[in-house]
Amino acid sequence: EVPEEVRNGLYFLRTSIWEAVPALLRDAVAAATDTWPDEETPALADMPPILRYRSWIGGDRDGNPNVTHAVTRETIRTLRKAALELWDDELERLRRQLSISTRRADAPAELLETIERDNERLPADWIATRATQLLAHEPWRYRILQIRALMRHDPGYCGRRLIEDLQQIRRTLHTIGLRDTAESGPVADAIVRARVFGLHLATLDIRQHSRVHEAAVAELLAAGGVTDGYAEMDEQDKLAVLQSELDSPRPLRPVGATLSEQTAECLATLDVVREAIRIEPDAVRSYVISMTDSVSDMLEVLLLMKETGLHRPGT
């Protein structure tokens, strides 16, 4: 079944792929250095992600009736849960390395201010009193524990914030003169993985057949009193209707309207996408339309996205 297929795909993402990505970018940096010895080579942590991972498992509903909006929602949750587990281990490795004490080096104000700010975002009991005492002179370790807690407790914490937080750790290590620590080992590996995997692990592709979108739009246009004959229109008339509705801020679906199971499922899938990207913007980045052969095939999806709050007129 689809959830089992998701778990099979996850096996490779969370094992060999997770481990290989920093090594791959490290090889790219080394190759660039060898090829252009007189040029300045980017540091590993400054390398753009030369690859990112995507999956269709749990998102491709074209021809697979078992992929419902509920399955897609659970797939996104499963990917995030796996990412959080991987980051628990990754940050623990980082925490072990960053044993810098303020008895030896002053913590930059930037780091201390961030710690104080983010404590306000967390429950009062997020960290044991004993741990607070042990880490009183180890703000980098405290910050690592705080980042782990933010991932679990702050609903607005996403992969992009993780990158910013790891870059701040790197920056503050430079401030106190620990360049090698900042540019190699767990710190650089964590930044690379944050860029590639974020907190979503792999972007989920959503795929549906164009005829499903056409049927849904035709049903909504009829329910909204616009036209009962959308499906029979020629392309130019379809485009005129679609553009008019895309320019209008009003929804087509009357409150309490009963929709067919297929149309309701199509809209429910887009509701899942809206909620997923609210939590993690990179969770879904592509919507694939099977059998696209006209502009209306694309505008229909845009109209359905407008109906579910994923698209706003004028944007």
Side-chain angles (χ1 to χ4, degrees), residues 6 9-36 39-59 75-94 97-98 143-144 147-148 150-151 156-174 179-207 273 276-288:
V6 171
L10 262 179
Y11 171 80
F12 299 99
L13 279 167
R14 63 189 303 168
T15 54
S16 53
I17 292 175
W18 179 270
E19 292 301 323
V21 162
L24 178 63
L25 263 73
R26 196 171 284 109
D27 286 348
V29 171
T33 302
D34 291 343
T35 305
W36 298 286
E39 301 292 332
E40 184 177 354
T41 304
L44 179 62
D46 289 327
M47 284 285 286
I50 59 176
L51 77 169
R52 288 192 179 99
Y53 289 87
R54 304 162 64 139
S55 175
W56 51 265
I57 308 170
T75 298
I76 292 169
R77 287 176 178 169
T78 300
L79 287 166
R80 184 175 178 88
K81 181 175 181 289
L84 291 175
E85 291 170 354
L86 287 163
W87 278 110
D88 276 343
D89 293 340
E90 184 79 9
L91 292 174
E92 177 59 20
R93 283 194 293 271
L94 192 55
Q97 186 191 40
L98 299 183
R143 181 58 181 158
I144 295 298
I147 291 171
R148 289 174 66 180
L150 287 165
M151 288 180 180
Y157 198 88
C158 63
R160 296 173 191 182
R161 280 187 58 190
L162 174 61
I163 295 170
E164 292 171 3
D165 287 341
L166 293 171
Q167 287 285 17
Q168 183 186 62
I169 288 173
R170 177 192 181 202
R171 194 164 56 247
T172 54
L173 290 171
H174 272 285
R179 182 188 179 282
D180 289 346
T181 303
E183 297 300 338
S184 62
V187 174
D189 286 357
I191 292 172
V192 166
R193 288 188 172 112
R195 285 205 176 104
V196 173
F197 300 105
L199 295 183
H200 62 289
L201 203 56
T203 291
L204 187 66
D205 285 348
I206 307 298
R207 182 170 177 248
V273 171
I277 63 176
R278 182 187 66 80
I279 297 169
E280 175 55 69
D282 291 327
V284 179
R285 298 183 65 195
S286 297
Y287 194 105
V288 183

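Computed from a predicted model, the values in this text were never measured in an experiment.
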Query raised in the report: Side-chain contact, heavy-atom cut-off 4.5 Å: Pro281 with Arg160?
Result: yes

Query raised in the report: If you take all heavy atoms of Ser286 and Arg54, which pair is closest and at what distance?
Result: OG-NH2, 2.7 Å

Query raised in the report: Once you round to the nearest 0.5 Å, how far does SG of Cys158 lie from CZ of Arg278?
Result: 11.5 Å

Query raised in the report: Within a strict 4.5 Å, meaning less than it, do heavy atoms of the Val187 and Gln97 side chains meet?
Result: yes

Query raised in the report: Does any pair with a residue in residues 44-53 pass side chain to side chain donor-acceptor pair (under 3.5 Å), and if so which ones, sequence neighbours excluded?
Result: Asp46-Arg170

Report task. Kindly compute the distance separating CE (Met47) from CG (Leu24), expressed to the nearest 0.5 Å. Result -> 8.5 Å

**Report entry** Minimum heavy-atom distance between Leu173 and Ala182, given as atom pair plus value
**Finding:** CB-CB, 3.8 Å

Report task. Can you measure from OG1 (Thr203) to CG (Asp205) and round to the nearest 0.5 angstrom? Result -> 7.5 Å

Requested in this report: Over all heavy atoms of both residues, which pair between Val196 and Pro49 is shortest? Give the atoms and the distance, please.
Outcome: CG2-CB, 4.0 Å

Report task. Side-chain contact test, heavy atoms from C-beta onward, threshold under 4.5 Å: evaluate it for Val192 versus Leu44 and give yes or no. Result -> yes

Requested in this report: Might you work through the side-chain contact (heavy atoms from CB on, under 4.5 Å) test for Glu92 and Arg148, ending with a clear yes or no?
Outcome: CA-CA 9 Å; Glu92 177 59 20; Arg148 289 174 66 180; 3.1 Å; yes

Query - Side chain to side chain, Trp18 and Leu201, heavy atoms closer than 4.5 Å - result: yes

Query raised in the report: With a 4.5 Å limit on heavy-atom distance, are the side chains of Tyr157 and Leu199 in contact?
Result: yes

Report summary line: Paired with Ile76, the side-chain contact (heavy atoms from CB on, under 4.5 Å) test is passed by just one of Leu204, Ile279, Ile277, Val273, namely Leu204

**Report entry** Sole residue of Leu79, Ile57, Thr15 in side-chain contact (heavy atoms from CB on, under 4.5 Å) with Leu10
**Finding:** Leu79

Query - With Arg179 via salt bridge (Lys or Arg N to Asp or Glu O under 4.0 Å) - residues at least two apart - result: none

Report task. Under the side-chain contact (heavy atoms from CB on, under 4.5 Å) rule, what do Leu150 and Leu162 come out as? Steps first, then yes or no, please. Result -> CA-CA 10 Å; Leu150 287 165; Leu162 174 61; over 6 Å; no

Report task. Search all heavy atoms of Gly58 against all heavy atoms of Thr75 and return the closest pair with its distance. Result -> CA-OG1, 3.5 Å

Requested in this report: Keeping the roles fixed (side chain from Trp87, backbone from Ala194), state whether a donor-acceptor pair exists under 3.5 Å.
Outcome: no

Requested in this report: Using modelled atom types only, decide if a donor and an acceptor are shared between the side chain of Glu183 and the backbone of Ala188 within a distance under 3.5 Å.
Outcome: no

Query - From Arg80 atom CZ to Thr78 atom OG1, the distance as rounded to the nearest 0.5 Å - result: 12.5 Å

**Report entry** Distance (rounded to the nearest 0.5 Å) between Asp89 CG and Leu84 CG
**Finding:** 11.5 Å

**Report entry** Chi angles and distances behind the side-chain contact (heavy atoms from CB on, under 4.5 Å) call for Trp56, Ile206
**Finding:** CA-CA 7 Å; Trp56 51 265; Ile206 307 298; over 6 Å; no

Requested in this report: Check the pair Leu91 / Met151 against side-chain contact (heavy atoms from CB on, under 4.5 Å), numbers first and verdict last.
Outcome: CA-CA 11 Å; Leu91 292 174; Met151 288 180 180; 3.7 Å; yes

Requested in this report: Inspect the contact between Arg93 and Asp189 and indicate whether a charged nitrogen and a carboxylate oxygen are less than 4.0 angstrom apart.
Outcome: no

Requested in this report: Can you spot which of Thr181, Ile144, Ile191 makes a side-chain contact (heavy atoms from CB on, under 4.5 Å) with Ile169?
Outcome: Ile144

Requested in this report: Decide yes or no for Arg143 and Gln168: does some side-chain heavy atom of the first lie under 4.5 Å from some side-chain heavy atom of the second?
Outcome: yes

Report summary line: Nearest heavy-atom contact between Glu90 and Pro186 is OE2-O, 4.3 Å

Requested in this report: State the CD-OG1 distance between Gln167 and Thr172, to the nearest 0.5 angstrom.
Outcome: 11.0 Å

Requested in this report: Give the minimum heavy-atom separation between Val29 and Pro42, together with the two atoms involved.
Outcome: CG1-O, 3.7 Å

Query raised in the report: What residue among Arg14, Arg193, Lys81 forms side-chain contact (heavy atoms from CB on, under 4.5 Å) with Leu86?
Result: Arg14

